Amino acid sequence: MRILVMAEHDNAVLQPVTLHAVTAALQCGGEIDLLVAGHDCAAVVGQARRIAGVARVLHADAAHYADQLAEPLAELLRAVLAGAADQYTHVVAAAGGFARNLLPRVAARLGVAPITDAVRIESPDTFVRPIYAGNVLVTVQSLDALKVLTVRATAFAAAPTGGDCPVLPLAAATDPACSRLIARQQVQGGRPDLGSARVVVSGGRALGSADNFRRLLEPLADSLNAALGASRAAVDAGFVGNDSQVGQTGRVVAPELYIAVGISGAIQHVAGMKDSRVIVAINQDADAPIFGIADYGLVADLFEAVPALTRELAAARTSAKAA
Amino acid sequence: MKVLVAVKRVVDHNVKVRVLADGSDVDIGSAKRAMNPFDEIAVEEAVRLKEAGVASEVVVVSCGVAACQDTLRSALAMGADRAVLVDTAAELQPLAVARLLHALCEREQPQLVICGKQAIDDDAGQTGQMLAALLDWPQATNASKLLPGDGQIEVTREIDGGSEVLALTLPAVVTTDLRLNEPRFVSLPNLMKAKKKPVDSVTPESLGVDVAPHLRTLRMAPPPTRAPGVRVDSVAQLMERLRAEAQVI
């Protein structure tokens, strides 16, 4: 049994979610090959071969993999999977934007049904995944010889590093050359990434404006070294970009601490954060559904409570430093 | 150019579904149904392309039971020109839907297919990418802006932590994200007009597509519930709890 894990990276840094995908792959049972496809990405290969539990790193380097577009990568994966002497049983990647774009394309090419966002591996062919905005967990058994799955990174621990496995260079597959990257903008804020931050501070429509959103939440996030998130309502109202959206159709997060500010708690939002370890809700509406899942609920005017909390955190930090 | 839009009939997004006591399925018997919200955005975008003179015809397709005709009528009322129902009572998984749409695309020869990025019932988010693979066409998922040009289309798409712009050679498949547009409100006169628009019916058999499931559903269960939380009275109390009890700050 061999399992192919798709590495997620930007040609310079291996995305930490890849480590979580390796753990899920190990639970499927088998020898792990990690595929790094990119361009001038030797640094990524160096990081990949140190992941414990990975047997080999397969490295395909070509200019047409530089932008991580779905069409050329799907061709490569198809070639690797079809050409392997020792047949692969699984293809695994973390369920972010990258893999959700790529793996269904690979699966359809091979005539198999992919499994999206697995949160538990019950056996090599049986997986648990959320449906209906996380209100239902369904257990599905794959009838295909090859299982193609994306896994929710927060549901699996990160694989440790400390390994040292061989690297096998791979020939590049044909470039379909039917799509081209014109521009890419990543939000740079010096903040931790929403998907892997230890603390997430999220705001909702009750913040009232983009200006209030920044003015109130950024200092709070700064004092906790937190990522900033938002409800769909806040995104729709134009307070922040869609890349901050936490929810069923946005990012799924599960930090140590999630602070929901002025968020009512629609099921679509809750689907994206309910697996956080500690949930704090600050909302003026005592009947808001968010209080149903919050560990600590504070019914208060957020325009007073948030600055007060920020001040207390700053004071606590100062006194900790003094001590 | 001809635009094909795939729409799915799902449980209304405001309905909170529950698992049946025996764990065999979800209890949605009499729940209100609606067009999948992302598919609504797809229809809206296609109709706007037609209004802008870019699209010559908008064809909507739904796969499923006869009641999916209601969903197709809603799309026609939004401004689509005609509809095709792939009529089947069989359980359709995303791979089967992609294969049915593939067969219809061979028949209809659209230049652009627009799908919702995911359905809010199975949350799979697979069909558009799989259709693009079967057609061997380029794809852009999570689109927030379309700019059709000569023989190509520029698509701005949402990615983790930002956005990117892709140029795709036509024909192509695009899936919609929330920021693409705001679907229009359907007026009563348009609803009446939609009743006169043609709805064709085909079957998986007539399209030569095998829709047998590749995934077997073993059971369904509600997610584990969280222990009840506590209400605190002040920011100071909240701080104390987070520090001493939860130990997160």
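Order of the sequence lines fixes the chain letters, A, B, ..., with proteins taken first and strands second; residue numbering starts at 1 for each chain. Treat the numbers as computed from the prediction; the structure is a model and nothing was measured.
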Residue [X] versus chain A: region with a heavy atom under 4.5 Å:
X: B/Arg18; value: neither
X: B/Ile159; value: both
X: B/Gln152; value: side chain
X: B/Arg179; value: side chain
X: B/Leu242; value: side chain
X: B/His13; value: both
X: B/Val26; value: side chain
X: B/Leu238; value: side chain
X: B/Ala98; value: neither
X: B/Ile28; value: side chain
X: B/Asp121; value: both
X: B/Ser234; value: backbone

For the side chain to side chain contact (heavy atoms under 4.5 Å, CB included) test, which of B/Glu158, B/Arg157, B/Gln126 pairs with B/Thr141?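 Passing option: B/Arg157.
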Residue from A/Ile293, A/Ile259, A/Val270, A/Leu257 passing side chain to side chain contact (heavy atoms under 4.5 Å, CB included) with A/Ile279: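 The option that passes is A/Ile293.
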So, A/Asp144 side chain and A/Leu146 main chain: donor-acceptor pair closer than 3.5 Å or not?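 Side chain of A/Asp144 to backbone of A/Leu146: no pair is present.
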[X], part contacting chain B, at a heavy-atom distance under 4.5 Å:
X: A/Arg78; result: neither
X: A/Arg109; result: both
X: A/Asp275; result: backbone
X: A/Glu122; result: side chain
X: A/Ala294; result: backbone

Looking at chain B, which one of [options] has the largest number of heavy-atom pairs inside 4.5 Å, strictly under?
options: A/Thr139, A/Leu309, A/Leu143, A/Leu224; answer: A/Thr139
options: A/Arg105, A/Arg277, A/Arg100; answer: A/Arg105
options: A/Val278, A/Leu102, A/Val306; answer: A/Val278
options: A/Val106, A/Asp236, A/Ile115, A/Asp67; answer: A/Ile115
options: A/Asn242, A/Asp117, A/Asp243, A/Val138; answer: A/Asn242
options: A/Leu298, A/Val119, A/Val140; answer: A/Leu298

As a quick check of understanding, evaluate side-chain hydrogen bond (donor to acceptor under 3.5 Å, both in side chains) for A/Gln248 and B/Asp123, giving each step before the final call. CA-CA 8 Å; A/Gln248 178 188 14; B/Asp123 282 335; 2.6 Å; yes
Establish, yes or no, whether the cationic atom of A/Arg120 lies under 6.0 Å from the six-membered ring centre of A/Phe127 and within 45° of the ring axis.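 No; the conditions do not both hold, so A/Arg120 does not lie above the ring face of A/Phe127.
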Could you check whether B/Glu245 and B/Gln247, counting side-chain N and O atoms only, form a donor-acceptor pair closer than 3.5 Å?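 Short answer, no.
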Examine the side chains of B/Gln139 and A/Asn101 and answer whether a donor and an acceptor come within less than 3.5 Å of each other.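 The criterion, which ignores hydrogens and geometry beyond distance, is satisfied for A/Asn101 and B/Gln139.
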Assess whether a salt bridge exists between A/Asp295 and B/Arg241, defined as any Lys/Arg side-chain N lying under 4.0 Å from an Asp/Glu carboxylate O.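 So A/Asp295 does not pair with B/Arg241 through a salt bridge.
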